[in-house]
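Each remark here refers to the structure printed beneath this line.
Note on naming: letters A, B, ... go to the chains in the order of the sequence lines (proteins, then strands), and numbering restarts at 1 for each one.
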Amino acid sequence: MAGSGNAHLRQAAELLKIQNLKVEFATPKGKTEIISDFSIDVGDSEVLGVVGESGCGKSTLAKTIVQINKAKSGSILFEGNDIVALSKTQAKLISKEIQMIFQDPISSLNPAKKIRNIISEPLKIHKVAFDERSINETLSKVGLDANIVLDRKPRQFSGGQCQRISIARALGLSPKLLICDEPVSALDVSIQAQILNLLIDIKDEFKMSMLFISHDLSVIKYIADRIAVMYLGKLCEVGSTDQVILKSSHPYTQALVDSVLDVNSGSSIKTRHKIELKGEIPSFTKPPSGCRFRLRCPFAQPICEQDEPQIRKVGEDHFVACHFPIMQNG
Amino acid sequence: MTLTVTEKPNATPVAKRSSSKGLGWFFWACTFWVLAVIILAIIAPLLPIDNPNKTFVCQPFSGPSGSHLLGCDDLGRDILSRIIFGSRVSMFVGIVSIGIGLIIGGFLGLISGYNNKKLDTVMNTIANIIISFPTLILLLAIVAVFNHSLIVITLSISFISIPLLFRVIRSATISVANKEFVQAARTMGSSRIRIVFVEILPNITPIIVVYGCLGIGSAIIAEGTLAFLGLSVSLPTPSWGNMIAEGAQSFLRRDFLLTLWPSIMIIMTVVCFNFISQRLEGKFNSGDGAI
Amino acid sequence: MEPTTDSISVENLSVSFKTDRGLLKAVDSVSFSLRKGSILGIVGESGSGKTVLSRTLIRLLPETNLKIEGSIDLFGIKVTSLKQRQLRHLYGSLASIIFQDPLTALNPVMKIKKQIAETLKVASNHNGSNIKKSVIDLLDRVGIPDPKSKSESYPHQLSGGQRQRVMIASAIANSPKLLIADEPTTALDVTIQLQILKLLKELQKQNDMTLIMVTHDLGVVEYICDYVAVMYAGKIVEFGRTEDILSRPLMPYTRALIDSTPSIHRDKSEKLMPIESMIPDPFNLPKGCRFAPRCRHSQTRCLIESPRPTQDAINTSHSYSCFYPLKNEWAVSKANETIATSDE
């Protein structure tokens, strides 16, 4: 895996097209590449799920798209404009179209501000006219009662409620792309389902696209149309949700699918595990040569050490970066 | 779906100390004292008390009496009046110097703490250099080079407070700047200045208040020290520090009360400021958040 | 089950915190018993009291503002009647605990070998060279590669999974009869989670240890636990064998929890059924059944009267606190249908 190439990018005009993105962080030991040669695209009204373990670069990807992190090279085309190369004022215009929801619902709201000010802040920044009524409307869309909510501060709300407030804040500008960085992983299961359903409803209503980042394949499966699997800053596999989960082609994807502990699967799960990974994710500072997954891969061969696999097509809307992809029947 | 607001159900059940019990009577007593001193200092000329510099309004060294509540000093001046007029110096120096310190040090701390690496390095180095001088010697040096007028004393104390307040506010800014809501503001296209003043500043206001109160206490002591050494406002203008000095000279002769009254004033006022600061800090830390 | 020397039995246990807002009952009249060598999962959402319950079992909570009522019997030892200074003897060989975040639970300035040696020294039958060997043995048993050189490292030099292994090593160092694992895999990646759960299961079997897993994740329960206690707002609302609870839950809360969990085996068109609203304010609990205000099946009685734990007539290992338990799969799907239609 650890694939390069752009074979999986679709030709039609896409909302977001990331090409050969590279992101580096300076560490005391020198520069570390967090995302290397990464390409992906997101279509209109499409939910792209990005899945991977901690340190695979998925959060960095999100933060690079919303311009918190700087890209070293490559391009991020949003409706044809390259975010990486934009000037400050142009970038501000685009930031209106791309909103983000964070993992920790409580710390992503300013504790010193009232909900009223939190929700109207993006409107003030972008000088969008608003009144009490439009704010109330947005709040009711996320299932909150404006009368109760507006004059309180974030600490008076539970995690689920704070996440609703975050969503309301993002919706105020009617963005075209909503980036969700593990939006439900800090929430209890019952609340998690509320928020997931809310996100799905909102996506349909606002005709938004979504880049949904999670470590949890079950959540991704529920919400995403397409899935991209990342490992150590590289793309392993991308394709439609069913293709990636049911016909996983990359050994890493298969391992992820196999490690999901799932209550609805019946008792067969205890015997089902096929691929089990040894060891842990290697460090970014010295990634393995060739395929970055090879050290943990049960199928690794000498070629995996020498050559980095290129992304290639294995099915209809299904691409993988592996020298020895798993061929699943059916 | 509607929402009922309850206290966060998953808030830790461990007993929160003091937060909902309020600040306690002692806090309010301290606040009362501080406010009383400030108000008396402001309206001192309007009070029905003798001119503090007028000599022989009463018998020198006469003890407390009905017409002179705290008695008289060696030159027959009314001690109460001198204390009240003396508080004008102490409070002016305390509040104004720390006010200046907070405005300059706070502003620098905010901008250097939020994402400005080069500036931060430079500012931090300068602050460290200033802090490395012994405070009192630095004060003496400044006063010696210029003069010991009220303005010079105030400015020199604020000069010393700037790097200290800078450091406190800078580190508070850094810790707030790493929170997700600051990132959220960035993704919304908020400008740097807007983030500093709209997102970060309200969160460090509690720290500004806490360290402001603490700083005022220290500034009062610093002024008192200079005055005791005869390096504050020139006599006969009273200040608590020079009253102690005067009393100390006459102490051997007669009356310890001359030293006692201004000392009590300094101690009470400084203790009150420190206590207010400490209680507020506890209150803010207990999660009752920003004001 | 009568308290015997080879079981854990908890009776009428209540744990309250004294707070400024009044007494907070985090655990309310909880009873259960567990045979030695089995794995119990305590599941619940945040605020359900699962962590307080598990820590009270070994009296780990600071007891200055705490009130414990009822009795806890760990293998014949009455934990509730122990004096503070006797508690020390409880830890190590009788019971120990591992936490969610191994980085904060390990001392950052102490080498791994020293931390484990410290636990070993509590049990007296170890001398110097003996301890060194035992430490390396332990690290080897918990699957740390190259235990000899790893024992020389500090916690921050290890990865999350390895740190959790070290925590486990020091927890099992004195072969405790009871190991409490408080969300041991929540902070870990899925592939690592599986490794750690396997390890726990293996160690449990080898040592015939009783394991209590505190978790919010039904998948973890299904994977590792023999028994499950489902907690809601301080009460155990359902208790039984894992397969009974997960495939034939009687309490609507358990059913709702399962239905709101996303699954990769679920069809995409199948919508998740969230539990509406949120858990009650612990200072202002509903009068009757605590789940009633959120329950799809609640009736008037549920809002007035509090249900007591009831044993299932056929399957006596299964108990629940509900006036209108879900009868069987058929009843469940029927009930869901009516809800679906009434929603539209």
Ordered numerically, the heavy-atom neighbours of chain B under 4.5 Å found in residues 117-131 of chain A are A:E121, A:P122, A:K124, A:I125, A:H126
Non-hydrogen contacts under 4.5 angstrom with chain B: give the residues of residues 75-92 of chain A involved, or none if there are none. A:K92
How long is the span from the CZ atom in B:R186 to the CG atom in A:N69, to the nearest 0.5 Å? 7.5 Å
In this structure, are over 12 heavy atoms from other groups packed under 6.0 Å from B:F159 atom CZ? no
In terms of heavy-atom contacts, does NZ of A:K203 have more than 12 from other residues, nucleotides or ligands at under 6.0 Å? yes
Verdict with supporting geometry, B:T187 and A:I98, side chain to side chain contact (heavy atoms under 4.5 Å, CB included): CA-CA 8 Å; B:T187 68; A:I98 308 178; over 6 Å; no
For B:Y211, check side-chain hydrogen bond (donor to acceptor under 3.5 Å, both in side chains) against everything at least two apart and list the hits. none
Under the side chain to side chain contact (heavy atoms under 4.5 Å, CB included) test against B:Q183, which residue among A:I68, A:D181, A:V66 passes? A:I68
So if I take each residue of residues 190-201 of chain B and look for any heavy atom under 4.5 Å from a heavy atom in chain A, which residues do I end up with? B:S190, B:R194, B:V198, B:E199
Give, as side chain, backbone, both or neither, the part of A:Q99 having an atom under 4.5 angstrom from any heavy atom of chain B. side chain
Structural part of A:L109 lying under 4.5 Å from a heavy atom of chain B: backbone
Closest approach of B:P202 and A:A112, non-hydrogen atoms and distance? CB-CB, 3.6 Å
Minimal heavy-atom distance between B:F181 and A:P111, with the atoms involved, is CE2-CD, 3.4 Å
Under 3.5 Å, side chain of B:E180 to main-chain N/O of A:F102, donor-acceptor pair present? no
